[in-house]
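Proteins come first, then strands; the chains are lettered A, B, ... in the order of their sequence lines, and each starts at number 1.
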2 protein chains.
Amino acid sequence: MSPRPSAGDRPGSGRRVPDATVARLPIYLRALFDVSDRERTVSSERLAALAGVNAAKVRKDLSYLGSYGTRGVGYEVEYLLFQISRELGLTRDWPVAIVGVGNLGQALANYDGFSARGFRIVALVDADPAKVGTVVAGHPVTHIDDLPALVESAGIAIAVIATPAEVAQDVADRLAEAGVRSILNFAPAVIAVPPDVTVRKVDLAVELQILGFYQQRDGTHPGVGQKASG
Amino acid sequence: MSPRPSAGDRPGSGRRVPDATVARLPIYLRALFDVSDRERTVSSERLAALAGVNAAKVRKDLSYLGSYGTRGVGYEVEYLLFQISRELGLTRDWPVAIVGVGNLGQALANYDGFSARGFRIVALVDADPAKVGTVVAGHPVTHIDDLPALVESAGIAIAVIATPAEVAQDVADRLAEAGVRSILNFAPAVIAVPPDVTVRKVDLAVELQILGFYQQRDGTHPGVGQKASG
DNA sequence: CACTGTGAAGAAATTCACAGCT
DNA sequence: AGCTGTGAATTTCTTCACAGTG
């Protein structure tokens, strides 16, 4: 019996959720969504199987959000979906801009997964005059010089960089300057940003190289399920 | 035979390199490549700045590969490039197949980063008869039923899944059956594979959701540089 | 001296194991 | 009984700090 000074039950803003847990919440969300029309509750064991992790991890992760399960029963799918969505900020709408309308940018613009949950692509941006004015995936392409006005008027807080590596830093500078606070960077370059801007990097080639390592070594890979980004 | 059960000193790529280190080696590789035509040596401090990590981590990471630096001087760029490439298995050629020739599959097929280092896209595969026979990014699209023959003849060990989520598991089954040992999964689904197959998952929407979390919370993000996948 | 390489300390993440609720 | 929630143990990763070397 140790009346530890607990983190406090303040849903919405308070509790500190470990980074590793944050990175898994979207996985749980998807798994829950997939079974939401078939199952009313899930056990940590079941959710673990769906998400490709182990049950103890699921329970620990979810415990950071609060006590949303019922002992002897499990977690109510709909309720948990809502709680995780809320924790991830998906109950509100996030206007997103994609900078760089090349192959990748277009693929991203057409990717349903983005618009699916909370993220709404509101602008495509490019520096190429030939592309500006054309319509891709239902969105007119805007010139990058109009970024500040765009960010302001559409309330864009999150942007995706899908440009060549050479211009990624310049784009990041412009985005930060325009007021964008979070950047998802697909360009194969490390970019520097002010401390109040968050960057996440996804490098397609890096993922292959990591696979290559385990493949050449002996075919052994870390963990039982798949390694997701985090 | 070997007195030590696992983690022995295998010939070719010796000591046990931690997963976290493996995930960073491609970043160092890219950074080194970027400066290779301008600088002959780099210090751990310099490389750290280029890669967006701290110097102690660079030294520790590189120490797992061997003692490739020179005290008082730093690391010779070319030599380190070679050593990391070798560790990642990039000195050999990896034939890669992309399954799913939708927007994302096409973007990946056109992505230079893949072919840039060791990975050579040798086949595009789809189930849609309308796509089979067409040419995308210089590669004819093959029907998925021909996968076993293709894997066999081209010596494909690594494949990329860029299909809708619904068919990802079926594709994974076929890939494993055909003899593919490593899979990079872009489909938003957790897939099950035999234990001798490695899966890495990249989920574009998940990355945005993680950003969303930190954005809504208070704009604070983990670490100083960008969080890469790993 | 300048910088690497590395034990050791510290922090974070994972897993165990079981008390406690329904 | 069944399953969650969580302290505690364990493992992994990061950072420190400095001995050692070109």
Student: Please give, in whole Å, the distance from dA17(C) C1' to E45(A) CD?
Tutor: 14 Å

Student: When you get a sec, tell me which of dC16(C), dA13(C), dT14(C) is the closest nucleotide to the side chain of K57(A)?
Tutor: dT14(C)

Student: Quick check on contacts: within residues 63-81 of chain B, what sits under 4.0 Å from DNA chain D by heavy-atom distance?
Tutor: T70(B), R71(B)

Student: Would you classify R46(B) as touching base, sugar-phosphate or nothing, given that sugar-phosphate means primed atoms plus P, OP1 and OP2, and contacts are heavy atoms under 4.0 Å?
Tutor: nothing

Student: Figure out the CG/C1' separation between L25(A) and dA13(C), and round it to whole Å.
Tutor: 15 Å

Student: Should S44(B) be listed as having a side-chain N or O under 4.0 Å from OP1 or OP2 of dC3(C)?
Tutor: no

Student: What residues form a side-chain contact (heavy atoms from CB on, under 4.5 Å) with E45(B), not counting sequence neighbours?
Tutor: S43(B), A55(B)

Student: With sequence neighbours excluded, what pairs up with E177(A) under the salt bridge (charged side-chain N to carboxylate O under 4.0 Å, His left out) test?
Tutor: none

Student: Please tabulate, for the side chains in residues 20-27 of chain B, all donor-acceptor contacts under 3.5 angstrom to protein atoms that are two or more places apart in sequence or on a different chain.
Tutor:
{"from": "T21(B)", "atom 1": "OG1", "to": "D61(B)", "atom 2": "OD1", "distance (Å)": "2.6"}
{"from": "R24(B)", "atom 1": "NE", "to": "D61(B)", "atom 2": "OD2", "distance (Å)": "2.7"}
{"from": "R24(B)", "atom 1": "NH2", "to": "D61(B)", "atom 2": "OD1", "distance (Å)": "3.0"}
{"from": "R24(B)", "atom 1": "NH2", "to": "D61(B)", "atom 2": "OD2", "distance (Å)": "3.3"}

Student: Got a sec, which residues hit salt bridge (charged side-chain N to carboxylate O under 4.0 Å, His left out) with R71(A), two or more places apart in sequence or on another chain?
Tutor: none

Student: Return the value, rounded to whole Å, for the distance between atom CG of D61(A) and atom P of dA12(C).
Tutor: 16 Å

Student: K60(B) has an atom NZ; how far is it from atom P of dC18(D), in whole Å?
Tutor: 15 Å

Student: With sequence neighbours left out, write down each residue that passes salt bridge (charged side-chain N to carboxylate O under 4.0 Å, His left out) with D34(A), or none if nothing qualifies.
Tutor: none

Student: Suppose the criterion is ring-ring contact (aromatic ring centres under 6.0 Å, His included): which pairs have a residue in residues 27-71 of chain B, not counting sequence neighbours?
Tutor: Y68(B)-Y79(B)

Student: Phosphate oxygens OP1/OP2 of dT14(D): is one of them under 4.0 Å from a side-chain N or O of N54(B)?
Tutor: no

Student: Would you check if the side chain of W94(A) reaches a backbone N or O of G89(A) as a donor-acceptor pair within less than 3.5 Å?
Tutor: yes

Student: Please test T41(A) against E76(A) for side-chain hydrogen bond (donor to acceptor under 3.5 Å, both in side chains), starting from the C-alpha separation and ending with a verdict.
Tutor: CA-CA 4 Å; T41(A) 63; E76(A) 201 196 326; over 6 Å; no

Student: List in chain and number order the residues that pass salt bridge (charged side-chain N to carboxylate O under 4.0 Å, His left out) with R59(A), two or more places apart in sequence or in another chain; answer none if no residue qualifies.
Tutor: none

Student: State which of dG5(C), dC18(C), dA8(D) makes the closest approach to the side chain of R59(B).
Tutor: dG5(C)

Student: Atom pairs, N/O to N/O, protein against nucleotides 9-11 of chain D, distance under 3.5 Å?
Tutor:
none

